[in-house]
Student: 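Can you keep this structure in mind? I'll have questions shortly.
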Amino acid sequence: MRWCSVLLWLLVLRLGLHALRGLLPPGSLRGAAQGVSSVCRATYGRFFVGPGDEYGRRYSSFPAGLRLEMREMARSMFAFGYDNYMKHAFPEDELNPILCQGRGPDTLNPSNLNINDVLGNYSLTLIDALDTLAVMGNATEFQKAVRLVIDTVSFDKDSTVQVFEATIRIMGSLLSAHIILTDTKQPFGNMTLNGYDNELLHMAHDLAVRLLPAFENTRTGMPYPRVNLLKGVPPDSLNHTCTAGAGSLLVEFGILSRLLGDSTFEWVARRAVRALWSLRSNDTGLLGNVVDIQTGDWVGKQSGLGAGLDSFFEYLLKSYILFGEEKDLDMFNEAYKSIRSHLRRGRKACNEGEGDPPLYVNVNMLNGQIMNTWIDSLQAFFPGLQVLKGDIEDAICLHAFYYAIWKRYGALPERYNWQLQAPDVSFYPLRPELVESTYLLYQATKNPFYLHVGMDILQSLEKHAKAK
């Protein structure tokens, strides 16, 4: 079964090169790697240049000792965050770093969706950290954390959570940890746990059953955005949901169905994807960002690569990689074609011709006209997706654009106005999208420039942490 051999690489930072090799014609990966320096030397000379000048000397190599040092720095930063969560916050969902105490749902203010959509009184950080503990090679703490989750976490809670967040953070983490525990190859070292009896899989199943009411009683098959884990869909639930929230459930629901041998979960997730796909514009092929789950009307007609749409495209391609369903790849390729036709601005080729380097903007889904002049930090995922697609040259150029913003501010502003060349929204909530794209580009090209980018990002985060 093809999907089973790829499941561990649901840990996205391990997925890229394998997926890339599966989607590119023979020899194209080698050709892309050889073309990296020439592409970026022409377009972003201050980042990619020859070995005979200042930047070439800086970026053309990355010593093995420095690589080990950065790996240990990343490991130490994770341990600092995890250990302090366990010391000051567990069993709450997360650590409030300002007050140095645990935080769960805001029960006094149910409309505080920034908190309540994510936090559900189920030790979110502990569950979310399970697979990272394994990747870090910390078998002792991984096994201890698994036992803690099994012994202390229950979803029988009067908590209203967002279906999307509960799926990607909780269900995804439980499934990843279960696969790590039961994988016969044990790629991260011996992570097995004596007496483990598929409890994490059963917990993922329990959570999925509690999320299923969100898919009921909707005319389109798209789920309600929120569900109460104890009572089902709240009576005052909104009928509006974002495209990413409704259409980015297939990876986790599909894996769960295949592990259980029960097609129900994959079926409801695929039905939601098909419903969204049927609503794209006949003229542009684009989708909007907010839709009414009962009428199928577009409430938000902005089409872009950021908040509200981003993971819909990501899940189409990654679902194909995992499950091998040709329809998923067909939809992704069609969506990618529409994106390049209507969202992409700048010169046709990344490294030659007149005009600005490529940029993907927010447009009206009906006619492709620009709706605003900002991009958001979530869009930094797209170069990584382009790597998986095989569009290496465009990925290199787009990644360099986001990295240039990072270099300027030491982080990615939540929104950046590309016309004013200044942030519209200045905070940075530690989003991982640029890191993922950097990793995938390194795996595709093996160019040490991307190790330098990773080091730069790591040192920026460490600098800001110490400043506070």
Side-chain angles (χ1 to χ4, degrees), residues 39-40 42-48 55 114 242-244 284 286-290 299-311 313 338-386 393-438 441 453 456-457 459-461 463-464 467-468:
V39 168
C40 287
T43 308
Y44 297 96
R46 63 196 187 97
F47 293 135
F48 277 75
Y55 289 100
N114 284 334
C242 69
T243 302
T284 66
L286 298 174
L287 297 93
N289 59 343
V290 182
V299 179
K301 295 182 174 64
Q302 177 175 298
S303 192
L305 299 178
L309 276 155
D310 52 342
S311 56
F313 307 118
S338 296
I339 287 168
R340 285 185 59 87
S341 296
H342 298 287
L343 273 61
R344 191 181 188 276
R345 297 296 189 272
R347 57 177 174 253
K348 183 176 181 180
C350 168
N351 63 328
E352 61 185 6
E354 299 296 326
D356 296 324
L359 174 69
Y360 290 81
V361 301
N362 299 317
V363 304
N364 187 304
M365 63 169 289
L366 300 178
N367 54 30
Q369 297 299 308
I370 294 177
M371 292 189 69
N372 50 59
T373 58
W374 53 260
I375 57 171
D376 66 47
S377 60
L378 288 167
Q379 292 178 236
F381 88 99
F382 198 64
L385 196 65
Q386 290 181 303
E393 181 176 311
D394 215 54
I396 290 168
C397 288
L398 190 58
H399 174 274
F401 171 75
Y402 294 113
Y403 180 50
I405 299 173
W406 183 285
K407 289 287 287 183
R408 184 175 180 181
Y409 299 105
L412 276 184
E414 185 68 350
R415 283 187 182 177
Y416 180 80
N417 192 306
W418 48 264
Q419 187 175 65
L420 300 177
Q421 298 187 37
D424 277 352
V425 180
S426 297
F427 67 82
Y428 170 62
L430 299 179
R431 297 198 186 277
E433 284 75 12
L434 180 62
V435 177
E436 178 184 357
S437 289
T438 302
L441 271 165
V453 175
D456 197 6
I457 293 173
Q459 290 175 335
S460 294
L461 295 175
K463 176 182 176 181
H464 291 309
K468 299 301 180 183

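These numbers come from the heavy atoms of this one structure, side chains and all, not from hydrogens, waters or symmetry mates. In what follows, residues are counted from 1 in the order of the sequence shown.
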Student: A side-chain contact here means heavy atoms from C-beta on lying under 4.5 Å apart; do Leu305 and Ile339 qualify?
Tutor: yes

Student: Looking only at atom types and distance, does a side-chain atom of Asn289 sit under 3.5 Å from a main-chain N or O of Gly308, one as donor and one as acceptor?
Tutor: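 The answer is no, because no donor-acceptor pair under 3.5 Å joins these two groups.
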
Student: Evaluate the criterion side chain to side chain contact (heavy atoms under 4.5 Å, CB included) for residue pair Tyr416 and Gln421; output intermediate values, then yes/no.
Tutor: CA-CA 7 Å; Tyr416 180 80; Gln421 298 187 37; 3.4 Å; yes

Student: Nearest 0.5 Å, what's the CG-CD distance between Asn364 and Gln369?
Tutor: 8.0 Å

Student: Please report the shortest heavy-atom distance between Leu441 and Ala395, naming the atom on each side.
Tutor: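 So the minimum-distance heavy-atom pair works out to CD1-O, 3.9 Å.
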
Student: Do Asp424 and Glu414 pass the side chain to side chain contact (heavy atoms under 4.5 Å, CB included) test, and can you show the C-alpha distance, the side-chain angles, and the key distance before you say yes or no?
Tutor: CA-CA 8 Å; Asp424 277 352; Glu414 185 68 350; over 6 Å; no

Student: Determine yes or no for a side-chain-to-main-chain donor-acceptor pair under 3.5 angstrom, with Ser437 supplying the side chain and Phe381 the backbone.
Tutor: yes

Student: Looking at CD of Gln459 and NE2 of His464, how far apart are the two atoms once the value is rounded to the nearest 0.5 Å?
Tutor: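 Nearest 0.5 Å value for the CD-NE2 distance: 12.0 Å.
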
Student: Can you give me the closest heavy-atom contact between Ser377 and Pro413, atom names plus distance?
Tutor: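 Scanning both residues completely, I find the closest heavy atoms to be CB-O, 3.6 Å.
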
Student: Of the non-hydrogen atoms in Tyr402 and Gln379, which two are nearest, and what is the gap between them?
Tutor: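 Looking at all heavy atoms of both residues, the closest pair is OH-CB, 3.2 Å.
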
Student: Would you find a donor on one side and an acceptor on the other, under 3.5 Å apart, between the side chain of Ser341 and the backbone of Thr284?
Tutor: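 No, the answer is negative, given that no donor and acceptor are paired below the 3.5 Å cut-off.
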
Student: Evaluate the side-chain proximity of Val425 to Asp376: yes if any heavy-atom separation is below 4.5 Å, no if none is.
Tutor: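 The answer is no, as the side chains (C-beta and beyond) never meet within the 4.5 Å cut-off.
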
Student: Say you draw a straight line from CG of Asn367 to NZ of Lys301; how long is it, rounded to the nearest 0.5 Å?
Tutor: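 Result: 11.0 Å between the selected atoms.
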
Student: If the condition is side chain to side chain contact (heavy atoms under 4.5 Å, CB included), which residues does Asp456 pass it with, not counting sequence neighbours?
Tutor: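 Asp456: side chain to side chain contact (heavy atoms under 4.5 Å, CB included) contacts with Tyr403, Lys407, Ser460.
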
Student: Let me confirm one number: the CZ-CG distance from Arg415 to Asn372, rounded to the nearest 0.5 Å.
Tutor: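 Rounded to the nearest 0.5 Å, the CZ-CG separation comes out at 7.0 Å.
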
Student: Verify side chain to side chain contact (heavy atoms under 4.5 Å, CB included) between Leu343 and Leu286, making sure each step is shown before the conclusion.
Tutor: CA-CA 9 Å; Leu343 273 61; Leu286 298 174; 3.7 Å; yes

Student: Is any side-chain heavy atom of Phe401 closer than 4.5 Å to a side-chain heavy atom of Pro357?
Tutor: no

Student: Is it true that a side-chain atom of Ser303 and a backbone atom of Leu287 form a donor plus acceptor pair closer than 3.5 Å?
Tutor: yes

Student: Output yes when a side-chain donor or acceptor of Arg347 lies under 3.5 Å from a complementary backbone atom of Cys350, and no otherwise.
Tutor: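 It does hold such a pair.
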
Student: Would you please name every residue forming a salt bridge (Lys or Arg N to Asp or Glu O under 4.0 Å) with Arg344, sequence neighbours left out?
Tutor: Asp394

Student: What's the shortest heavy-atom distance between Leu309 and Gln302, and which atoms?
Tutor: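 So the minimum-distance heavy-atom pair works out to CD1-O, 3.6 Å.
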
Student: Shortest non-hydrogen contact from Arg345 to Ile370?
Tutor: NH2-CG1, 3.6 Å

Student: I'd like to check the ring pair (Phe, Tyr, Trp, His ring centres under 6.0 Å) partners of Trp374; sequence neighbours left out, ordered by chain and number.
Tutor: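 Once residues adjacent in sequence are excluded, Trp374 has no partner under the ring pair (Phe, Tyr, Trp, His ring centres under 6.0 Å) criterion.
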
Student: Looking only at heavy atoms, which two atoms of Pro358 and Cys397 are closest? And how far apart?
Tutor: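 The pair with the smallest heavy-atom distance is CG-CB, 4.0 Å.
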
Student: Do Leu412 and Arg431 touch side chain to side chain, with heavy atoms closer than 4.5 Å?
Tutor: no

